[in-house]
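Here is the structure we will look at.
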Amino acid sequence: MKKVERINTIMRYVNNRAHFTISEIMQEFNISRSTAIRDIKEIEAMGMPLVAEVGRDGGYFVMNNTLLPTVRFTDNEVKALFIAFMATRNQQLPYLQNRHSIAEKLLGLISQHQQDDLVILNSVLLFSSTNPHNPDLLDLSDFPHPMLEKLIQTLLLDRSLMLSIQEGEVVNTYPTYLLHLYQEKSFWLIEGFDLEEERRKIYKVDHLIDVQLYASKKRFSKKKILEKLSEQEETANLIIELGPKAIAQFKKYHPMKASINYTNPYQTTAILRTYVNLNHAEEVTEITNWILFLGGDIKVKQIPQEVIETLNERIRIFCP
């Protein structure tokens, strides 16, 4: 354990105890007596009001049960936090208001010099999600769907949920075990296991009207659900070899269910195996668009005839 991490851990340890001794610190953190004493002195220097008790059985206690001192950040730690915020803005992430308040608190904690550095970074650094015409770090311009945070709060209680989904003018309910919640092409999607039909389904959070805990007795363990999904797993019908340029395109965007395996240690060649549901015209169109997006640095090893026909149709549109 690194020194800074150890000291922070010791601070939390002593702050939660009415009384402690050097021997207890030595035993708890497996450190020598001299190291324990040196760490305690550093913690006192950081502002924690420790009071030493003299005598054979003496030790320490935190005066008046005072809370931990204010967290302090180094220059590079502050930059790391703000750059992380910059890199993820305009992506409709949940808890945007909380990110906003965190940023404001950090600005209030740091020096003017650090603030000047952040202003420079904010004007210079651009990420794929940055709007160059409105790159203000604290701009609340990327609110997620209002149901997203409620969904997250509910799934933290239980992943067996009753989803109310708007489908046209009708609202249908689906008992669902939530497998993943992910973002693809600016949409938040729910990948779940339908507890009645016992198969995988995907819903858009934009279509989510309400979410409640699923109260029925018909429940499956996660292990049982994964076993059922494994039995239903389709055999790959699209196999593509990717060169370095295609890999770069893949990293820019790929469907969530598509993954690649690198075929050399330098990660300059890879192979993709995935399943295309040919009964869904939208999925066939989407995979066709994506193959064109990958560019010419690919070798097709296996491809469904329906995808070939859609590719040929697309070529005829552009080259009549």
Side-chain angles (χ1 to χ4, degrees), residues 93-94 144-145 147-168 170-240 242 250 253-263 270-291 301-307 310:
L93 298 180
H145 189 278
M147 285 300 302
L148 182 59
E149 289 186 16
K150 181 178 180 181
L151 175 62
I152 293 174
Q153 293 291 83
T154 309
L155 72 86
L156 289 173
L157 300 174
D158 194 331
R159 288 166 65 176
S160 294
L161 308 170
M162 181 63 77
L163 304 179
S164 298
I165 304 293
Q166 183 80 49
E167 296 176 325
V170 180
V171 176
N172 293 314
T173 57
Y174 298 98
T176 301
Y177 182 89
L178 192 142
L179 297 167
H180 299 103
L181 180 62
Y182 63 95
Q183 192 184 51
E184 184 171 292
K185 295 195 303 180
S186 299
F187 288 106
W188 280 97
L189 302 174
I190 301 166
E191 180 189 8
F193 178 80
D194 189 303
L195 295 169
E196 288 186 351
E197 297 184 16
E198 298 186 11
R199 64 186 182 92
R200 188 193 309 268
K201 285 187 176 181
I202 294 177
Y203 310 99
K204 284 185 178 179
V205 172
D206 282 6
H207 297 163
L208 185 64
I209 301 300
D210 190 25
V211 56
Q212 301 292 335
L213 295 176
Y214 181 50
S216 173
K217 294 181 179 179
K218 184 180 181 180
R219 299 169 71 91
F220 296 93
S221 67
K222 183 178 179 180
K223 180 180 178 182
K224 186 67 176 178
I225 288 171
L226 294 178
E227 287 176 357
K228 287 182 173 291
L229 289 174
S230 179
E231 293 170 1
Q232 298 170 11
E233 199 168 273
E234 301 92 347
T235 304
N237 57 4
L238 177 65
I239 303 175
I240 301 175
L242 287 74
F250 178 92
Y253 168 70
H254 60 271
M256 185 59 64
K257 68 176 185 177
S259 61
I260 58 175
N261 293 318
Y262 292 104
T263 53
I271 191 160
L272 175 140
R273 292 182 175 86
T274 190
Y275 173 79
V276 183
N277 188 339
L278 303 177
N279 295 320
H280 290 178
E282 185 178 341
E283 184 172 339
V284 174
T285 301
E286 176 62 29
I287 206 73
T288 301
N289 294 338
W290 184 59
I291 291 172
K301 296 297 183 179
Q302 181 178 334
I303 187 170
Q305 184 62 33
E306 289 84 347
V307 177
T310 308

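- Partners of Arg273 according to the salt bridge (Lys or Arg N to Asp or Glu O under 4.0 Å) rule, which considers only residues two or more places apart in sequence or in another chain, do not exist here.
- Separation of atoms OG1 (Thr274) and CD1 (Ile240) is listed at 9.0 Å; rounding is to 0.5 Å.
- Taking 4.5 Å as the limit, every side-chain heavy atom of Val307 sits out of range of all side-chain heavy atoms of Asn237.
- In this structure the side chain of Leu178 never reaches within 4.5 angstrom of the side chain of Leu163, judged on heavy atoms.
- Sorted by first and then second residue, the salt bridge (Lys or Arg N to Asp or Glu O under 4.0 Å) pairs involving residues 278-287 (not counting sequence neighbours) are Lys185-Glu286, Lys257-Glu283.
- Across all their heavy atoms, Leu161 and Asp158 have their closest contact at CD2-O, 3.1 Å.
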**Asked** Should Glu184 and His254 be marked as a side-chain contact (heavy atoms from CB on, under 4.5 Å) after you check the CA-CA gap, both sets of side-chain angles, and the distance that decides it?
**Response** CA-CA 8 Å; Glu184 184 171 292; His254 60 271; over 6 Å; no

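- Using a 4.5 Å heavy-atom threshold, the side chains of Pro175 and Tyr177 count as separate.
- Closest heavy-atom contact between Lys150 and Asp210: NZ-OD1, 2.7 Å.
- Of the possible donor and acceptor atoms, one in the side chain of Thr176 sits under 3.5 Å from a partner among the backbone N and O of Tyr174.
- The two residues Phe250 and Ala258 have their closest heavy-atom pair at CZ-O, 3.8 Å.
- At most 12 non-hydrogen atoms from other residues, nucleotides or ligands lie less than 6.0 angstrom from CZ of Phe187.
- Listed by chain and number, the residues in a salt bridge (Lys or Arg N to Asp or Glu O under 4.0 Å) with Asp206 amount to none (sequence neighbours excluded).
- Proximity of a side-chain donor or acceptor of Thr285 to a complementary backbone N or O of Ala281 within less than 3.5 Å is detected.
- Qualifying side-chain hydrogen bond (donor to acceptor under 3.5 Å, both in side chains) partners for Thr263, counting only residues two or more places apart in sequence or in other chains: Thr269.
- Partners of Lys224 by salt bridge (Lys or Arg N to Asp or Glu O under 4.0 Å), not counting sequence neighbours: none found.
- Residues that satisfy the side-chain hydrogen bond (donor to acceptor under 3.5 Å, both in side chains) test with Lys228, not counting sequence neighbours, are Glu198.
- In this structure, the separation between OG1 on Thr310 and CD1 on Ile291 is 9.5 Å, given to the nearest 0.5 Å.
- Taking CD1 of Ile271 as the start and CD1 of Ile260 as the end, the distance is 11.0 Å to the nearest 0.5 Å.
- Pro144 approaches Pro94 most closely through the heavy-atom pair CG-CA, 3.9 Å.
- A pairwise comparison of heavy atoms in Leu208 and His145 identifies O-CE1, 3.9 Å as the closest pair.
- Contact annotation: the side chain of Leu238 never approaches that of Gln302 to less than 4.5 Å [non-hydrogen atoms, C-beta and beyond].
- The distance from atom CD of Glu149 to atom CE of Met147, rounded to the nearest 0.5 Å, is 11.0 Å.
- In this structure, CG on Leu181 lies 10.5 Å from CD on Glu191, to the nearest 0.5 angstrom.
- With rounding to the nearest 0.5 angstrom, the CG atom of Leu148 is 10.5 Å from the CD atom of Gln153.
- By the 4.5 Å heavy-atom criterion applied to side chains, Ile190 and Ile202 are not counted as neighbours.
- Judged by distance alone, with hydrogens and angles left aside, the side-chain atoms of Arg159 form a donor-acceptor pair with the main-chain N or O of Leu179 at under 3.5 Å.
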